[in-house]
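Report on one structure; see the data block that follows.
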Amino acid sequence: MTVQIDLSSKTALVMGVANARSLGWAIAERLLQAGCRVGFSYQGERLRPELEKLTADYPGTWIQQADATNEEDLTALFERVRQEFGQLDILVHSIGFAPRAAMEGRFIDTAPEDWNVALNVSAYTLVSAARHAEPLLTDGASLLSLTFQASQRVVPKYNVMGIAKAALESATRYLAAELGPRGIRVNTLSAGPMRTVAARSIPAFAHLYESAARQSPMNRNATPGEVGDFGLFLLSDLSTGVTGQTLYVDAGASIMTVKMEEEG
Ligand code: NAP
């Protein structure tokens, strides 16, 4: 039997593509290759030309500015989804942000306003996007966000973003429970460290990147392409039995505590 992922009858909204290195783009590219019709939202007008370039080869794609923390922007965005598609099968949330000050100092010193911004942008926006999408979602739709294992274990300097990712993972379970009766699934993909714009704001990212590769049983980091492949699986009907889960694409780094040096 040949199994193929054909999304030519499906529609998707991908939120949070900054450039070709973005994990949101890694997933979007797979959706487009599978024939899906895709709309994109981006935060600031400065990102528009980049997104126009990326989507130029894919006729039928559309892009719209939307700050995910702004209710009016979300209302306009999902009105656009309604006009373009009528309904929505797939929602990808690939958004994260914490003020720099909160990731440079000690976690104990996190300012309340930085805490609020990080949790609002990085976790609450999944909930608000799902709420705006709900009337348009088809029965059996699939929602996916991106998380990081600093939600479960301490990654020095990741600080309040670790809390935001823990909230995102928990929100994934609550949304999955509420939307499950309609067959709507909600999952979050926990990616290993990848070189993206957002990663640049993580202090000592180069060290984190190297140590994750050393920790991996496969002695390497996972790639954005592997995030795209697994994202496609989670957004397709090949994964209809999977919901509410945090699923790792990190070349196994998260399963290890101490790794023995190879002998010889
Ligand atoms: P990225 O390319 O910089 O994507 C992050 C996107 O979030 C950017 O397009 C950014 O827009 C957008 N964003 C931030 N605040 C927003 C807001 N208020 N409204 C709308 N969009 C907003 O970096 P990425 O690494 O691919 O990040 C995507 C997701 O993967 C994030 O959730 C991140 O935490 C997660 N992740 C990344 C890694 C990694 O190592 N890179 C690992 C695990 C998980 P602007 O550029 O305008 O700010």
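These numbers come from a predicted model, not from an experiment. Indexing begins at 1, ligand by ligand and atom by atom, following the structure's order.
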Is a side-chain donor or acceptor of T147 paired with a backbone partner of L189 at a separation under 3.5 angstrom?
no
From CG (L47) to CG (N19), nearest 0.5 Å
8.0 Å
Those residues that, when tested against F233, pass ring-ring contact (aromatic ring centres under 6.0 Å, His included) (two or more places apart):
F230
Sub-4.0 Å heavy-atom approach of R46 to ligand 1:
yes
Mind listing the closest non-hydrogen atom pair of S94 and L23 along with its distance?
OG-C, 4.1 Å
Should we count CD of E178 as having more than 12 external heavy atoms under 6.0 Å?
no
In the protein, what heavy atom is nearest to atom 48 (O) of ligand 1, and what distance, to one decimal place, separates them?
Q43 NE2, 3.1 Å
E71/R131 ion pair, N-O < 4.0 Å:
yes
Heavy atom of G192, distance to ligand 1 below 4.0 Å
yes
Considering both backbone and side-chain atoms of T196, is one of its nitrogen or oxygen atoms within less than 3.5 Å of a nitrogen or oxygen in ligand 1?
yes
Looking only at protein heavy atoms, what sits closest to atom 19 (N) of ligand 1 is A68 N, 2.8 Å
Is ligand 1 under 4.0 Å from a heavy atom in the side chain of V121, in the backbone, in both, or in neither?
side chain
Could you measure the distance from the CG atom of L91 to the CG atom of L144? Nearest 0.5 Å is fine.
9.0 Å
Please write down residue, atom name and distance for the protein heavy atom closest to atom 36 (N) of ligand 1.
L23 CD1, 4.0 Å
Step by step, work out the side chain to side chain contact (heavy atoms under 4.5 Å, CB included) result for D237 and T240.
CA-CA 5 Å; D237 288 347; T240 47; 4.1 Å; yes
Given that the side chain starts at C-beta and the backbone is N, CA, C, O, which of these parts of N19 lies under 4.0 Å from ligand 1, counting heavy atoms, or is it both or neither?
neither
Of the listed options S94, A18, A199, closest to atom 5 (C) of ligand 1 (non-hydrogen atoms):
S94
Geometric class of the H132/F78 ring pair [parallel <30°, tilted 30-60°, perpendicular >60°]
parallel
Do any N/O atoms on A198 end up under 3.5 angstrom from N/O atoms on ligand 1?
yes
Applying a strict under-4.5 Å side-chain criterion to I, L, V, M, F, W and Y, I'd like to know whether L146 and M161 cluster together.
no
Please list the nearest protein heavy atom to atom 30 (O) of ligand 1 with its residue and the distance rounded to 0.1 Å.
L146 CB, 3.3 Å
The atoms of ligand 1 lying under 4.0 Å from a heavy atom of G16, numbered in the order shown, are 4 (O), 6 (C), 9 (O)
Quick one: which of S22, P193, A212 has a heavy atom closest to atom 1 (P) of ligand 1?
S22
Starting from atom 44 (C) of ligand 1, find the nearest protein heavy-atom neighbour and note its residue, name and distance.
T147 O, 3.0 Å
Tell me whether I95 has any N or O atom under 3.5 angstrom from an N or O of ligand 1.
yes
For ligand 1, note which part of V17 has a heavy atom under 4.0 Å away: side chain, backbone, both or neither.
backbone
I'd like to check whether M194 has a polar contact with ligand 1, where a contact means an N/O of the residue lying under 3.5 Å from an N/O of the ligand.
yes
With a 4.5 Å cut-off on side-chain heavy atoms, are E50 and V17 touching?
no
List every atom of ligand 1 that sits less than 4.0 Å from any heavy atom of L47, numbering the atoms from 1 in the order shown and giving each element.
11 (O), 45 (P), 46 (O), 47 (O)
Walk me through whether E169 and S151 qualify under side chain to side chain donor-acceptor pair (under 3.5 Å).
CA-CA 8 Å; E169 292 170 16; S151 57; 2.6 Å; yes
Is ligand 1 under 4.0 Å from a heavy atom in the side chain of A66, in the backbone, in both, or in neither?
backbone
Atom 32 (O) of ligand 1: the protein heavy-atom neighbour that sits closest, reported with distance to 0.1 Å
K165 NZ, 2.9 Å
Rounded to the nearest 0.5 Å, the CZ atom of R37 sits from the CG atom of L13 at a distance of 13.0 Å
Which ligand 1 atoms, with their elements, are less than 4.0 angstrom from a heavy-atom of V197?
3 (O)
Using a strict 4.0 Å cut-off to heavy atoms of D67, name the atoms of ligand 1 that fall inside it.
17 (C), 18 (N), 19 (N)
